[in-house]
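Structure record follows, encoded as structure tokens.
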2 protein chains.
Amino acid sequence: MSGSCIVGQFSHYAALSDDEIKLLESLEKNERRISAKSVIRDIGKPTNNFFTLKSGWAIAEQNLPDGQRQIIDVFLPGQILGLREIAYQSGLCTYSTLTDAVLCPFPKTDITKLFEQSKRLTDLFFLILAREQATLTERVINLGRRSATEKIAHFLLELQVRLKITNQELQNSFRLPMTQRAIGDTLGMTSVHVSRSMAYLKAERLVRKRGGVIELLDDAALREMAGFNLAYLQMDVSWLRGAASG
Amino acid sequence: MSGSCIVGQFSHYAALSDDEIKLLESLEKNERRISAKSVIRDIGKPTNNFFTLKSGWAIAEQNLPDGQRQIIDVFLPGQILGLREIAYQSGLCTYSTLTDAVLCPFPKTDITKLFEQSKRLTDLFFLILAREQATLTERVINLGRRSATEKIAHFLLELQVRLKITNQELQNSFRLPMTQRAIGDTLGMTSVHVSRSMAYLKAERLVRKRGGVIELLDDAALREMAGFNLAYLQMDVSWLRGAASG
DNA sequence: CGTTCGGTTGAGCTTTGTCAAACCGCGTGG
DNA sequence: CCACGCGGTTTGACAAAGCTCAACCGAACG
């Protein structure tokens, strides 16, 4: 994993050469510590920087005129914040932290430089964008066509799988640093209804919660009920250009 | 617009050189005529090909085990189908036509070749992916946090703006080749409720429908009610590499 | 020890879904 | 030219899912 979280993320998809690793690490030379529930970048602000998320959880959200909000994306350590706005001058959403976090801001122009220097990394960024899109797609299905409990089940399963990507030894339980309000804003429902649906899942002995830690007690049953298919989290890397040297 | 629809789409974002145009046109050397309501590529099939949509409308959809379906994306002429699965071996959704259409299939490997030959086009594809993502994001907000009539209003406005991108002289009315069932499957509601919501919009004199043609009678009011902000459809192109020669 | 924040619970209400019938426009075949 | 059937839309009565509001609880924290 080295000092760099983003290398950890990328090296899951392809073995990286030393040069590539150096390039990626150069994106993380500036560290910024930031406390829970604070805004990283507000909507409408210039998109001059991206941020890698070294530790902690973050979200992309959008607040609607009537006071509601929709959480668009939940970011886990190793992900890059802001990529989605690479083609926009001002941010389309607000980025904020859920927990205390360590972020590494780097200028947008660094990406172009990186593209110049490594085709392989260019492709990897392409791949990241495609994966984000697949996750969003799955969220669309979740929002459009699933009941409240199914939504929650699906969301929990997705988080579990995504956490396992960077943390192999993860078991069936993990810290979930989101309030029920936040879960509701992600899944398009009220916190009250999140509470009730969670209660149902607990009653059915499908999940358990203690402290901030959630435990998935019956993976198979959860997948069944949520119609969870992890294909969208499993990428193919064979089309990447260039061989890795290390 | 030349013979190529995709060039039309791209040249909106940046002036292209002759070489670049030639490269893009080479993606469209094979034409395939396909009738309305047929499957272009089923879910799970290998993603060896992309398709440019030369004419007609198409969708990406996913059918759920319980018989419901969610339409993930609606494609208009000039768009590329399948890009979202560039990083996946098998398709995550089914592509089908809404109307009679002309498609140009081209192999995935052509994209890599194209990336080799033009940095600028590489960036343009990046941009396309980012735009698709922004559209998906907006659909997430639509599904998560808007009422039935707001959803429909927003959807119609989005289509209008997107159609105007390739068809400048488009007025406030356009052919909408979607059944209410299809609209419902896009917006996460039943066809019955689509009907009722449309009736409401008509009664409020916000839209009118005759034949397959829909007319937006009061743009401002529709935007107000739907919370429509077209920022997500307006990209910034200044970060693209390389100058255009013509 | 009081306050705040997140979670839970209950009662009543609103929005949307379900089911079924009727309707409408349109193309087909007689 | 008409009758028919078909796909899509509209309408109505009713059911269900989810929302609102409000009270309450418990843990964390100053």
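Atoms considered below: every heavy atom in the structure, side chains included; atoms not considered: hydrogens, waters and symmetry mates. Per chain, numbering begins at 1; letters A, B, ... match sequence-line order.
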**Fill in**
Taken to the nearest 0.5 Å, the spacing of A:I72 CD1 from A:I59 CD1 works out to 9.0 Å

**Prompt:** So does A:K37 have more than 12 non-hydrogen atoms from other groups sitting under 6.0 Å from NZ?
**Reply:** no

**Prompt:** CD of A:E224: more than 12 outside heavy atoms within 6.0 angstrom?
**Reply:** no

**Asked** In B/S/- notation, 5' to 3', how is nucleotides 8-23 of chain D contacted by protein heavy atoms closer than 4.0 Å?
**Response** SSBBBB----BSBB--

Tell me: [atom1] of [X] to [atom2] of [N], nearest whole Å?
X: A:L143; N: C:dT16; atom1: CG; atom2: C1'; value: 16 Å
X: A:R210; N: D:dG26; atom1: CZ; atom2: C1'; value: 18 Å
X: A:L201; N: C:dG7; atom1: CG; atom2: C1'; value: 16 Å
X: A:I214; N: C:dG7; atom1: CD1; atom2: C1'; value: 13 Å

**Message:** Salt bridge check, B:D73 against B:R84: does any charged N sit closer than 4.0 Å to a carboxylate O?
**Reply:**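 A salt bridge is present here (some side-chain N lies under 4.0 Å from a carboxylate O).
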
**Request:** Write down the atom of A:F75, the atom of A:R162, and the distance for their closest heavy-atom approach.
**Result:** CA-NH2, 4.3 Å

**Message:** Holding to ring pair (Phe, Tyr, Trp, His ring centres under 6.0 Å), I want the full list of residues that pass it with A:F10, two or more places apart in sequence or in another chain.
**Reply:**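 Result, ring pair (Phe, Tyr, Trp, His ring centres under 6.0 Å) vs A:F10: A:F125.
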
